[in-house]
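Scroll down for the structure; my scribbles are underneath it.
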Amino acid sequence: MTARVTLHDGWTVRAVGGDVPDSIARRTIPAMVPGCVHLDLMAAGLIPDPYLGENERLVTWIGRTDWRYETTFAWDGSGADDHVDLVAHGLDTFATIELNGTVLARTQNMHRSYRIPVAALLRVGENVLAVTFAASLTGAERASEMLGPRPHVNAHPFNAVRKMACNFGWDWGPDLVTAGIWRPLLLETWAGARIAAVRPLVKVDGTTGLLRAHVDIQRAGHADDPLKVDVEVAGMHAAATVGPGESSALVEVAVPDVRLWWPHGYGDQPLYPLAVRLADDTWSGRVGFRNVVLDTAADQHGTRFALHVNGIPVFARGVNWIPDDCFPSRIGRSRYAERLTQARDANVNVVRVWGGGIYESDDFYDVCDELGLLVWQDFLFACAAYAEEEPLRGEVVAEAREAVTRLSPHPSLALWNGCNENVWGHEDWGWQEKLHGRTWGLGYYTDVLPSIVAELDPTRPYSPASPYSFAAGRHPNDPAHGSMHIWDVWNQRDYTAYREYVPRFVAEFGYQGPPTWATLTRAIEDAPRTSDSPAMLAHQKAEDGAAKLARALQGHLPEPRSFDDWHWATSLNQARAVAYGVEHFRSWSPVCMGAIVWQLNDTWPAVSWAAVDGDGRRKPLWYALRRSFADRLLTVQPRDGALALVAINDSAQPWQDEVTVSLHAPDGAVLSDAVVSLDVPPRRTGVLAVPPHVAAHSRQGCAQVLLAESTSLRAWWHFAEDVDADLRNPDLDVTVEQIDGGYRLDVTTGSLTRDLTVLADRLAADAVVDDMLVTLLPGETTTFTIRTTAVLTKEQLTDPLVLRSANQLVAGAAARSASG
Ligand code: BMA
């Protein structure tokens, strides 16, 4: 019987090298395993929370310090004649492991696990286990010198070491260089033979699910007797014999009439328990049966980039995922479930795990399996050139083999991708002059990694990079070929420029906005708080971010005159900008087959591109995504110099409906209208002209609006931007009713009102509203439901800083210029 005991108790940590504050220098501090040194120092009250205010810069010394973790554990001698292994699932990063004073191993890769036989060193009674972590920041700098410095973004040479890159600071995250035993640590006792790894690869053939379980075996010492491997899935059994001298087996099981696993919105997510048994050892997991293919064929538009699941092309309604915390040991299954459910509830079906983070824990992929979220997994290379020589190369190979093996059971895992932006960087970011012909990672992306995927998991597609155009000599970010990232729009242009691109697949595009008010005010206490007060800027990591946020408002919303208005205007603008992009990209399906928004989540409370902020609160963008990612979307788009009604039916049923198209004067009066019939087959996009006599009455630049309304959906077209639309303060009539668990607000508007929103978190940290950004004609009523445990008054709920609209910003600016 393989026995597993965790070694998570009794740990301490102390600084053993580096320039350490006196208060910490000679202290032995209680430590958590799994954990990290920042969390230990915080728990001991020795450092402030680096997520608050400007504390981040007070703790940079931690990354230049060597830390020694130590514990003692008792061993009763059981298994003395067998194998006893120390198994470390994650060591961050330059670690020396000692047992009873003897060095067992030196490691230098956060992304690998390690198994070390220790039976010979164990003592009956007390044993001392120590892991010393050499300073990662100093280590990365040394490694970079040794390998030869290579171009990278941000402050430190994260590309010289196999450690979560964004730990060294990113354009949305703090520079907090961690150390610690970040994943479980175990003592495993076994005899005879053990299951070393299982790769349960699936295929669907007609109505039959085919499972090919590749089982790797480790034998004890010279044991060489034949072994039986038994596999059970969906009540079916199959077995294989591992002959003398052999260390692997392939067991095939056919499951007739299998229920297929589908992404969210396409069907169910049946998961079949899988057990692999070898003598005393059992491996258990789950599998889901589906086929996945990446279509990169040439067509009349260029080169496709489309995921197909069970033969059906899936438009990727996606979000990019970054580590949900700078200290990943804090993220457990419930946090993953909460965050990924937020993605699913925003009608997302693809999550791209970005290459500057980590291979997430199995909990992440388990939750994706359950929710039907397809995972696009980057190998961990981002925004930098990487040496292809030793010792980096060996680490890359070992870590990739482990990741491909570990993640292979998950039906959600749909695509392996070589790197984030490195082929693009080499092409466009001035790397070539700096490299002087040195390696930069291309060999990983086009040879090493695809060979590993082909060998260990040929059922998954592989793409060398994102963005990528699938032909040598072609620009990697060519919109007509493969995947692309659209960043000029946020960095230099205006969100209306999204319409200049018809990409085949956009894997990154985004707009910044602040965190929700409750999150922002918890983390930032500047007095006064302004968009560029010190702690605000400390939580805005993007190059020129504050200026870009201000520029992004121009032509859309008036320049904000207070911090409250800045917060609402930039939040609103973020939501509008990204929804504008999503609706445009979806309207071009199937030429375009994916829109993956940068980014779902945050590592900490930050001004960033995230839809859900660092405290897990949903920003206005999240609500905009839910609407624009819905299975069915009605949107008004320019086509061939006129306006068209685009109906995207990403559902399994035909969409038949009547749509009323009406043109309204600024006061809401109907100028003209018409009814058009919609009949869009499942998974298709229908394009209808706006009836000419309706369009004929419209005047671009005049504050008219066009409304297209089906039974359950609305689409608006505004002929003038808010700044030019003479929007009035909306004169709201509100009734408030206390309901079970919160409040119900019925709001009736006196004039055309854009993006009516309740910013509930301004009133109570737990308050959440069911919808945001509702546009209404004069006289129309909408209902908001607010969930909270707080007791709130009508005055509070209708406070103009809580009950918000675009109109307030415009009318406020108009009033100011009239009086000023
Ligand atoms: C892309 C990403 C990240 C970055 C984001 C915003 O480059 O791959 O590196 O955080 O844009 O700038």
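Note that ligands are numbered from 1 as they come in the structure, with each ligand's atoms numbered from 1 the same way.
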### Query
Who pairs with E360 by side-chain hydrogen bond (donor to acceptor under 3.5 Å, both in side chains), at least two apart in sequence or on another chain?
W321, Y336
### With T519 via side-chain hydrogen bond (donor to acceptor under 3.5 Å, both in side chains) - residues at least two apart
T516, D613, R617
### Query
Does R627 have any side-chain hydrogen bond (donor to acceptor under 3.5 Å, both in side chains) partners at least two apart in sequence or in another chain, and if so, which?
D771
### Query
Could you state the interatomic distance from CZ (F158) to OG (S136), rounded to the nearest 0.5 Å?
14.5 Å
Are there any protein N or O atoms under 3.5 Å from the N or O atoms of ligand 1? List them with distances, or say none.
unit_1	atom_1	unit_2	atom_2	d
ligand 1	7 (O)	E421	OE1	2.6
ligand 1	7 (O)	E421	OE2	2.9
ligand 1	8 (O)	W354	NE1	3.2
ligand 1	8 (O)	N420	OD1	3.2
ligand 1	8 (O)	N420	ND2	2.7
ligand 1	8 (O)	E508	OE1	3.1
ligand 1	8 (O)	E508	OE2	2.9
ligand 1	9 (O)	W170	NE1	3.0
ligand 1	10 (O)	W170	NE1	3.3
ligand 1	10 (O)	D171	OD1	2.5
ligand 1	10 (O)	W172	NE1	2.7
ligand 1	11 (O)	W487	NE1	3.4
ligand 1	12 (O)	D171	OD2	2.5

#### Entry: Side-chain donor/acceptor of Q574 to backbone N/O of A610, under 3.5 Å
yes
### Message
If we ignore hydrogens and angles and just use 3.5 Å, is the side chain of R393 paired with the main-chain N or O of E388 as donor and acceptor?
### Response
yes
